[in-house]
Amino acid sequence: MSLKQFLQFKLSQKLSPQQIQLMKLIQLPTQAFEQRLKQELEENPALDTGKESEALEDNFDEFDNSDTEYEEDSDNIDAEDINIDEYLSDDEVPEYRTQANNYSADDEEKTMPYAAGTSFTQHLINQLNTFRLTENQEEIAYFLVGSVDESGYIRRSLADITDDLAFTQNIYTTEEEVEQVLKVVHQLDPAGVGARNLQECLSIQLHRKEQSPDVALATTIIDKGFEQFTKKHYKKLMQKFNITEEELKEAIEEIERLNPKPGGSYAGNNKMVEHIVPDFAIKIVDGELELTLNGRNAPELHVSREYNNMLKGYKATKEKSKAQKDAVMFIKQKLDAAKWFIEAVRQRQQTLFVTMSSIMHYQKEYFLTGDERNLRPMILKDIADEIDMDVSTISRVANSKYVDTPYGTKLIKEFFSESMTNDQGEEVSTREIKKILETVIEEESKKKPLTDEALSKILKEKGYPIARRTVAKYREQLDIPVARLRKEL
């Protein structure tokens, strides 16, 4: 290995941790970035936010990074060689702090909302206390309730549960006794809780409903014709139970009113409520697109005044003790870390804004109209080449960030799609084709849904020569079931 290669290898090793950290920062969406910022502020006392009034009087925001070293043996630097003035310089306010027009006024503190109330498990246990159970049955019932998942199901076999009771709880029982106690759990609210599969969940709910001819038929269908029901073999069901199409239709309407996930409807399960914070906002102002980066991505960061005063004190001291030298070494390390983090945050802001701005201009027609048919074919490389960044960087922005548009909040990666050529020889986005496919399926007769072959022919007639297997792939990506499962009475 030549000296030049060795130096390049050593340099890449030195910079690698910082590059990795920066990539991780870029990948973080707004709320996760705020958590990362909070963690850095807690771990590095030399880093401070701009929220305190006296801190705003000092501008220790930007430092010259040219002399910052991240070598493993940096502890060996002589304290006498530290240029204290470099750390005390009153540099100008960094440019990114003055670009207020690029950030929205969404700076207020926000926290993730939680569902209130007792836990789902406790809700079930409270109900168990109203039943007369032996001590052994009560312990089995508590164990069963503890095995209920967030959807309200017990997904494990009775044999596994019986073994677990013996090994982990020292409760020796039989599958028959566990099943008897499970029937008690099935009497708890919400109806269907503790079911082992969808069929049992629906059956429990139907048996507890006020009985009527429709409910009775619906119960029979779920208990004795579940497979035909799930596959929508309606003619077989009518023949099997000797019923009319109208009777079947009314029974199915009863089934459709049931809750397939009884646990999901309970508000007190202390599960975190999904709460998306858009990282960008796009507005149309006087016919032109205007992009803003969420202000929560642009924190005011500076070096702690306290650390600044400690360095001033060290500089003024003529007789420097070993303890003081050790202290200034610690301060320097923390300052280096603070300088790097402030610069990394600045680079993150710049990368996010430049990337989203390029995507916005590339898809200008879509953002002005909201019509997905105006989405241009766009791959990561298109944006990477335009703004001279790595494809992996664009991917990190696109995969984890949301943008608030006049047409709703969108995940940025949804704007990317491959291209194909239509019968006019023009390149069109696969998103455009999927939108047309979705529209055709929405407008089909649900009594006789279109097969993939029929959909392929319709798309060809519209100028999109797509094979049946490609139609099937797009349909699956849109989470649309096959024709037979789209059938309605």
Member of E34, R348, Q349 meeting the side chain to side chain donor-acceptor pair (under 3.5 Å) criterion with N297: R348
Here's a test for you: under ring pair (Phe, Tyr, Trp, His ring centres under 6.0 Å), which of Y402, F280, F367 qualifies with F415? F367
Flag the pair K209 / E254 as yes when at least one side-chain heavy-atom distance between them is below 4.5 Å, and no otherwise. yes
Tell me yes or no: between the side chains of T219 and D223, is some donor less than 3.5 Å from an acceptor? no
Does the pair V397 and D279 meet the rule for a side-chain contact (heavy atoms from CB on, under 4.5 Å), with working shown? CA-CA 10 Å; V397 175; D279 304 272; over 6 Å; no
Which one of D164, D149, D163 satisfies the side chain to side chain donor-acceptor pair (under 3.5 Å) criterion with R156? D164
Distance only, no hydrogens: is a donor on one side chain within 3.5 Å (strictly under) of an acceptor on the other, for E343 and Q347? yes
Are any non-hydrogen side-chain atoms of I466 and L437 less than 4.5 angstrom apart? no
Check: N374 and L368 side chains under 4.5 Å, non-hydrogen atoms: no
Can a salt bridge be assigned to the pair R36 and E40 using a cut-off of 4.0 Å between side-chain N and carboxylate O? yes
Side chains of F416 and I359, heavy atoms from C-beta outward: is any pair under 4.5 Å? yes
Quick one: which of L37, L41, N44 gives a side chain to side chain contact (heavy atoms under 4.5 Å, CB included) with F341? L37
Can you confirm whether K249 sits close enough to E245 that some side-chain heavy atom of one is under 4.5 Å from a side-chain heavy atom of the other? no
